[in-house]
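Notes to accompany the following structure.
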Amino acid sequence: TTCSGGSARWGASSVAATGSASWWGSWRMKPTVSVTRELRPLSRAVRVAGSRVWKSWSPVEISAPEIAAFIRQVLAETGAQKADVVGHSEGAFQSLYVTKTQNIADRIGTVVALAPPTHGTTFANLYAIAMALGLQPLTQTILNTAGCGACTDLVTNGAAVTALNTGPIAQGGVHYT
């Protein structure tokens with residue numbers, strides 16, 4: 001998604017701003033992790049345009065402040081007053097979580113959250129099965145090794161899910177879709 005003029009637009013795993021500068025960023029700016037197959041055509045187009053692409057699944061307590069800082073940076077560089085945030089899945093969760101928990105609701109115009117795990121996920125019951133079998137520590141080690149520190153934050157009753165669902169999710173002055 002792109003923007004020009006009065007607002008910056010930022011996506012589930014991307015931000016693009018036009019005008020005096022251009023950015024492309026993500027939840028966790030970690031260029032060593034590959035982009036998923038579905039995003040490769042978009043990734044190539046962004047690289048051809050001269051921008052960088054990043055993707056990661058860092059723990060929410062690490063990525064949320066980074067996302068907020070990135071939004072502030074884009075707003076400062078573009079002169080925009082507010083950013084519109086678009087996210088899918090974990091990105092949708094982050095669009096809600098960051099707006100609520102990182103003291104930036106006054107800088108967000110619209111949040112478009114597509115299929116967020118707002119109340120948590122069991123990853124197709126795999127996480128629940130692992131817990132029932134007493135394999136949760138092993139599962140956590142595998143997820144961390146695979147680079148998905150956010151996975152346990154996003155399970156039902158995970159720390160980030162609990163924080164998001166404590167009190168109202170929607171913040172005053174922000175339009176939600």
Exercise. Determine the sole option in Asp84, Val86, Val111, Val112 for which the side chain to side chain contact (heavy atoms under 4.5 Å, CB included) test with Thr177 is passed.
Key: Val112
Quiz item: So, for Thr122 and Thr156, which heavy atoms are closest and what is the spacing to 0.1 Å?
Solution: CG2-OG1, 4.1 Å
Quiz item: Do Arg107 side-chain atoms and Gln81 backbone N/O form a donor-acceptor pair below 3.5 Å?
Solution: yes
Quiz prompt | Set of residues satisfying side-chain hydrogen bond (donor to acceptor under 3.5 Å, both in side chains) with respect to Asp106, sequence neighbours excluded | solution = none
Self-check item: Rounded distance [0.5 Å steps], CD in Gln94 versus CD in Glu66
Solution: 10.0 Å
Donor-acceptor list for residues 113-120 side chains, cut-off 3.5 Å, not counting sequence neighbours:
residue: His119; atom: ND1; partner: Asn165; partner atom: OD1; Å: 3.1

Self-check item: Any donor-acceptor N/O pair, Thr78 side chain to Ala80 backbone, under 3.5 Å
Solution: yes
Quiz prompt | Value rounded to 0.5 Å, distance of OG in Ser63 from OH in Tyr97 | solution = 8.5 Å
Quiz item: Shortest non-hydrogen contact from Asp153 to Glu61?
Solution: OD2-OE1, 3.8 Å
Exercise. Please round to the nearest 0.5 Å and tell me the distance separating atom OG1 of Thr141 and atom CG of Leu135.
Key: 11.0 Å
Quiz item: With Gln171, which residues qualify under side-chain contact (heavy atoms from CB on, under 4.5 Å), at least two apart?
Solution: Thr99, Lys100, Ala105, Val174, Tyr176
Quiz item: Do you know the tightest heavy-atom contact between Ser58 and Glu90?
Solution: O-OE2, 4.3 Å
Quiz item: Of all residues at least two apart in sequence or in a different chain, which pass the side-chain contact (heavy atoms from CB on, under 4.5 Å) check with Ala68?
Solution: Arg72, Val98, Gln102, Ile104
Quiz item: What closest approach, in Å, do Leu164 and Phe93 show between heavy atoms, and which atom pair accounts for it?
Solution: CD2-CE1, 3.4 Å
